[in-house]
Amino acid sequence: MVELSPVIWWVRRDLRLSDNPAALAACAGGRPVIPVFIHDDGVARLGAAPKWRLGLGLECFASTLARIGSRLVLRRGDALEVLRALVAQSGAGAVVWTRAYDPDSVARDTRVKTALKQDGIEARSLAGHLLFEPWTVATGQGAFYKVYTPFWKVVRTREVPEPCAAPRALPAPATWPESDMLDSWQMGTAMRKGAEIVATHLRVGEEAAQARLDEFAASAIADYATARDFPACNGTSRLSENLAYGEISPRTCWHAGLRAMHEGKAGAETFLKELAWREFAYHLLWHSPHIATSNWRPEWDAFPWNTDENAPEVIAWRQGRTGMEFVDAAMRELFVTGTMHNRGRMIVASYLTKHLMTHWRIGLDWFADTLIDWDPAANAMGWQWSAGSGPDATPYFRVFNPVTQLARFDPGRRYVDTWIAEGRRRPSRKALSYFEAVPPSWGLSAQDAYPAPVVTAEAGRKRALEAYQARKF
DNA sequence: TGCCAGTTGTG
DNA sequence: ACAACTGGC
């Protein structure tokens with residue numbers, strides 16, 4: 001009997017077996033499959049929270065693979081070098097992976113594919129991270145969409161393929177290649193003390209993600225359209241964490257949303273619209289990769305942004321000590337849980353880029369360091385949307401007032417009371433946990449007085465609008 | 001997925 | 001006195 005040459009499944013942000021075309025392709029011919037995750041520069045550059053969360057996802061996915069008789073091989077180094085070494089060692093004839101769309105990954109993957117093909121190895125990338133490949137959605141003129149609403153109109157009626165089944169088993173190779181120990185990668189070191197606290201808020205892995213989707217589609221989705229705006233309500237799906245690492249596929253979420261819509265659940269269409277926002281973010285990132293690094297509208301280069309990331313008011317913003325309760329509550333929620341309610345994301349972004357006139361890149365960097373659901377496309381689009389420098393962005397003069405937003409979206413003050421300890425007779429557990437999570441070097445104590453506003457709602461608005469009127473474009 | 005000041009209409 | 005509307009940022 002001839003030993004079939006193995007297939008390498010290069011696992012990246014697709015830590016799932018269900019609806020994973022790359023996994024299916026890997027085992028389609030009945031050949032042995034070697035799943036490998038590579039710790040390369042891209043992983044090394046991840047922020048503290050996403051790197052730590054990725055480590056937990058890998059640990060979970062390795063045990064999922066073990067349950068079906070497979071393994072997750074861990075290797076460190078340049079992706080191409082690692083894959084070439086694995087090919088030589090295992091005699092593999094093919095490498096498959098799920099496509100990524102951020103510019104760094106695209107450059108790496110293109111280089112890898114070209115080189116492997118030159119080596120005579122079959123190299124295939126497959127769709128799986130998105131509903132539609134970004135180059136398949138185009139306007140009548142053949143251009144890419146720069147405005148969300150027409151994008152949504154075209155996407156809502158498109159056929160999304162049904163999710164594909166998980167492979168029952170991945171045939172194991174005769175001998176397994178060596179693997180690093182996950183612990184040796186120290187994915188959590190940058191998280192320091194906050195990690196234990198953040199961990200209580202997570203749901204890691206494919207099974208947890210599916211359970212979360214089922215639970216959401218069974219109940220909360222009905223009120224999603226209104227409840228999602230109130231940070232004190234558990235009105236959101238909280239699936240971003242799982243979507244970010246591919247623990248669930250967007251197609252699985254889409255079809256759950258469609259089914260809920262056909263069952264007459266009112267909020268289901270809004271949920272589909274949010275999935276389309278994720279899709280739109282990737283559409284923009286693919287067609288204009290510079291959205292992640294520089295103003296999408298170059299005229300904003302002339303705006304007098306504060307670019308000092310260590311300015312006192314910027315430090316106050318990061319530490320949740322601006323003196324604006326809604327902003328501080330949201331920034332503390334971020335630091336303690338690794339996530340932030342969407343309403344909070346809009347408010348803290350508006351406050352940073354408008355009241356504090358600080359460059360959105362500083363906010364983008366902090367989110368990239370602290371969000372466990374960090375996503376290159378959503379983060380870039382979200383910040384440029386908030387700052388007013390992006391395509392289809394909110395105009396710069398549209399300034400959120402953090403005080404009136406609080407009255408409107410947290411009228412019972414449950415959210416701010418959950419996250420702010422100072423001045424409360426009986427601070428909540430979560431509010432106190434913030435002081436345990438922050439580095440001692442910040443020198444914060446729950447006994448401190450709540451800070452006075454670094455910039456008030458009125459003064460910040462006035463200053464931002466004056467700068468906007470005086471702009472040179 | 002805004003805010004605010006100014007105006008108009010109602011009692 | 002105040003809701004409802006409007007235009008400009």
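Keep in mind the model is a prediction, meaning the values are calculated, not measured. The chains referred to below are lettered A, B, ... by the order of the sequence lines, with proteins before strands, and numbering in each begins at 1.
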Does a salt bridge link [X] with [Y], judged by any charged N lying under 4.0 Å from a carboxylate O?
X	Y	result
A:E215	A:R203	yes
A:R413	A:E325	yes
A:E279	A:K273	no
A:R424	A:D417	yes

| CZ of A:F397 versus P of C:dG8: gap in Å, rounded? |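 Rounded to the whole Å, the gap is 11 Å.
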Could you tell me whether [X] contacts a base, only the sugar-phosphate backbone, or nothing, with contacts defined as non-hydrogen atoms closer than 4.0 Å?
X	result
A:S350	nothing
A:R471	nothing
A:E466	nothing

| query | Any side-chain heavy atom of A:L54 within less than 4.5 Å of one from A:L15? | reply |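 Sidechains of A:L15 and A:L54: in contact.
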| First and last nucleotide of DNA chain B touching chain A, 5' to 3', heavy-atom cut-off 4.0 Å? |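 On DNA chain B, the outermost contacted nucleotides are B:dT1 to B:dC4.
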| field | No-hydrogen, no-angle side-chain donor-acceptor test under 3.5 Å, A:T394 and A:W385 | value |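 No - no donor-acceptor pair under 3.5 Å links their side chains.
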